Every structure is written in structure tokens, then in C-alpha cells.
Amino acid sequence: MNIPFLSFTGMHAPIKGEILAAFESFFDSNSYILGDNVKNFESAYAEFNTTEFAIGVSNGLDALRISLEVLGIGKGDEVIVPSNTYIASVLAISQVGATPIFVEPNEETFNIDVSKIEDVISGKTKCIMPVHLFGQACEMNSLVEVAERYNLSIVEDNAQAHGASFNGKLTGSFGHINATSFYPGKNLGALGDAGAITTNDDNLAIKARSLRNYGSQKKYYNDFIGFNMRLDECQAAFLLIKLKHVREWTLRRQQIAALYNQLLSGIEQVSLPTTNRGATHVYHLYVIQAKARNELQEYLATKGIGTLIHYPIPPPLQLAYKSLNYKIGDFPIAEKLANTSLSLPIWPGMELVQVDYIADSIREFFNQPSGKK
Ligand SMILES: *Cc1c(COP(=O)(O)O)cnc(C)c1O
């Protein structure tokens with residue numbers, strides 16, 4: 001069997017005709033920047049995310065950057081972010097001139113350990129950036145409570161968790177202003193780069209809308225030193241089609257994860273992802289922790305199974321951040337996760353026999369009998 005880490009075929013084949021028709025209609029529209037597709041996608045995504053506003057932008061990193069920018073966060077300010085996130089969360093903080101302050105994750109959920117946030121709050125702290133990593137909602141009630149107590153803003157990084165919720169409320173709707181990505185491999189992915197900002201605050205929405213478009217609300221009148229970070233009209237047309245399927249694709253991801261959980265249970269050398277009380281998990285990634293992770297990954301490759309490591313180096317230890325002077329051992333939990341994590345294939349359209357084969361291969365590696373009942 002040959003199982004890639006990710007395949008789009010199961011999602012894209014059934015909607016190919018619709019996508020091509022949307023492209024043709026975009027082509028014929030003669031309207032290629034901030035047209036009806038962007039407008040329609042913004043209202044559809046705001047409705048999906050239960051926020052008042054959604055603002056389409058160029059990608060997830062730019063969505064994070066604009067979000068911090070509209071809150072006035074900049075030089076001299078500190079932003080709290082998990083030590084095991086994807087690098088883009090941290091890059092956005094650096095791009096506005098602020099300093100990332102890293103908080104270790106909870107070892108079970110991989111999400112920021114809210115009980116450790118207060119320890120790092122200083123007079124310079126302006127904002128907390130929770131990241132709903134791998135598709136599981138962070139513990140938002142306690143996080144919001146800490147933010148309110150210290151009068152801090154919240155910018156959610158919702159790039160991996162479209163449709164996830166905590167205590168029934170959707171991720172991307174808790175923070176003052178929130179960012180998401182529609183990078184192709186995300187749960188809702190464009191056919192290229194794309195992202196969005198979500199908020200319920202009309203002033204922040206107006207400013208974000210202006211900043212993505214040269215700091216202008218009215219053509220050739222510029223209120224801010226803005227960017228060109230617009231959502232592409234053509235990607236918006238594709239996203240409108242794909243958005244209709246996200247709920248069904250999420251159910252499929254959850255079904256695959258449940259099967260993995262069943263077939264991989266009881267292997268002493270492997271720990272499986274868990275879902276926190278109150279949280280839902282939309283399984284952007286299915287990440288296990290394994291002993292002899294590198295050898296397991298190589299073994300699976302010989303069996304034709306594609307896997308990835310999310311992520312091999314925690315952001316504070318990346319070369320790009322050497323000026324922060326962190327060293328190995330400063331983030332023991334993030335480092336342990338980086339050394340033991342392995343992401344298994346999961347995508348809508350994946351066959352259950354493929355999950356079976358992957359689980360059997362992992363059991364074989366650890367000399368464990370098949371988990372099938
Ligand atoms: C993908 C991702 C981003 C960045 O999104 P891009 O669209 O690739 O710029 C930011 N944060 C997290 C957690 C991500 O997974």
C-alpha cells in the first residue's frame with residue numbers, strides 16, 4: 001500500500017465541476033480584486049464562525065499580523081504564545097516589533113497550559129495568543145478569565161481548528177480579534193494562499209479591512225500606513241464552495257481519529273491524542289507520541305506510509321530567534337513533544353482499510369498483536 005501523508009483527491013474530485021465553473025465565472029466577471037466572491041465568502045465565513053465580521057486576507061501569517069497591528073501592539077510590548085506552536089504565530093509577533101513570551105503546553109492536550117500564564121505576565125504584557133493546535137480547542141474559559149483579570153487582549157490563532165469549540169462556543173470567536181489560515185492543507189483550504197480575520201468589534205473590523213488594503217477605506221484616501229494583504233478573488237470563489245463541505249469533512253476526520261484511537265490503544269510505547277473536557281477536536285492533525293519516533297517514522301516509510309513531524313524544533317529554539325538567547329532545556333515540554341511527536345495520515349476521503357494498515361504497521365514495529373477486535 002502507498003499512503004501519502006495528505007491527499008486532496010477525496011475532497012476535490014467530487015467538487016471539481018463546481019470549482020471549474022466558479023473559475024470560469026470569475027474569469028468572465030472582469031472583477032479580479034475585492035469583488036463579490038470576497039464579499040460573499042466573508043459573510044459566509046462570519047456566519048460559519050458565529051462572528052459578526054470576517055475579513056479575507058492573503059494568508060494566516062498576515063491575518064495574525066494585521067490582528068496585532070489593529071490592537072496597537074508593537075515595540076516594547078509582550079505577547080504570550082505557546083512554546084510549541086507553528087512558527088507563524090511567533091513571526092507575526094516579531095513583525096509588529098513586539099516580544100514573544102513563551103508558555104509551555106499541557107502535555108496531554110498540547111495546548112497552552114493556562115495555569116502557567118500568570119507566572120509570565122509583566123507590566124509589558126499586552127496580549128495572549130492561544131493556538132488551537134492540531135485542531136483541539138484551548139481551554140478558553142480559564143484563558144479568557146486570566147486575560148480579563150489583567151486587562152489583556154486575546155488574539156486566537158485559529159489556523160488549525162475551523163469549527164472546533166470550547167463549551168459550545170467556536171474557536172475564532174473568543175478573542176478580541178482572531179486569525180485563521182486557508183493554506184491548502186488546513187481543514188478549510190484554498191487552492192493557494194488565503195486567510196481571514198474574525199471579530200465582533202466593528203472598530204477593529206474597519207481598521208483591519210483598511211490595513212489589508214493600503215490603509216485605505218476610500219480609494220486613493222489613506223488613513224493608515226497599510227499593506228497589500230487582500231484575499232484573492234479567485235481563492236474566495238473556491239473557498240465558498242469548499243466551506244459548504246467543512247462540517248462533513250470534519251466528521252470524517254473525527255471518524256478516522258476514533259478508529260486510530262481504537263486500533264492503537266494499549267501499545268505501551270505510544271501515547272494517543274486526548275480531547276480535553278469541554279473541548280472538541282477537529283483533527284487537523286492526528287499526532288501520537290512514540291518511543292523510538294525516528295525509527296518508527298523510517299519503518300513506516302518502508303511500508304509506504306507518509307508521516308510528518310509537527311514540529312521538529314520549538315520556535316524559541318529556532319535559529320531565527322537566537323537573539324532571544326534561549327537554550328536547549330529551557331522548554332522541556334515543547335522539546336519533549338518535538339522529539340516524540342509523529343503525525344499520521346488523516347484526510348477526508350481516507351479509506352478505513354488504510355487506517356487499519358497504518359495501525360497494523362505501527363503494532364508490527366513494536367511487536368504488538370493486531371488491535372482489531
Ligand atoms: C498554517 C498556520 C499559520 C500560518 O498560516 P499561513 O496561511 O500558512 O500563513 C499560523 N498559525 C498556525 C498555527 C498554522 O498552522
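Here the structure is a predicted model, which is why all the values come from computation and not from measurement. All ligand and atom numbering here is 1-based and tracks the order in the structure.
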Has ligand 1 got any nitrogen or oxygen that is less than 3.5 angstrom from a nitrogen or oxygen of [X]?
X: Thr85; answer: no
X: Asp193; answer: no
X: Gly60; answer: yes

Do [X] and [Y] meet the criterion of a side-chain donor-acceptor pair at a distance under 3.5 Å?
X: His310; Y: Ser343; answer: yes
X: Ser83; Y: Glu104; answer: yes
X: Thr171; Y: Asn158; answer: yes

Mode of Val131 contact toward ligand 1 - side chain, backbone, both, neither (heavy atoms, under 4.0 Å):
side chain
What atoms of ligand 1 come within less than 4.0 Å of a heavy atom belonging to Asn59?
7 (O), 9 (O)
So is Asp157 touching ligand 1 or not, going by heavy atoms under 4.0 Å?
yes
I'd like to know whether ligand 1 has His132 as a neighbour, heavy-atom separation below 4.0 Å.
no
Taking the six-membered ring for Trp, is the centroid-to-centroid distance between Phe182 and Tyr45 below 6.0 Å?
yes
Listed by chain and number, what are the side chain to side chain contact (heavy atoms under 4.5 Å, CB included) partners of Arg293, not counting sequence neighbours?
Ile309, Leu342
Could you check [atom] against the protein and tell me its nearest heavy-atom contact, residue, atom and distance included?
atom: atom 4 (C) of ligand 1; result: Ala88 CB, 3.6 Å
atom: atom 15 (O) of ligand 1; result: Gln160 NE2, 2.8 Å
atom: atom 1 (C) of ligand 1; result: Lys186 NZ, 1.5 Å
atom: atom 9 (O) of ligand 1; result: Leu61 N, 2.9 Å

Nearest 0.5 Å, please: how far is CZ in Phe5 from CG in Leu308?
4.5 Å
Please state whether the rings of Tyr311 and Tyr86 are parallel, tilted or perpendicular, taking 30° and 60° as the class boundaries.
tilted
Given the rule in the side chain to side chain contact (heavy atoms under 4.5 Å, CB included) test, do Thr340 and Lys291 qualify, once you have shown the distances and angles that lead to the verdict?
CA-CA 7 Å; Thr340 57; Lys291 290 236 168 73; over 6 Å; no
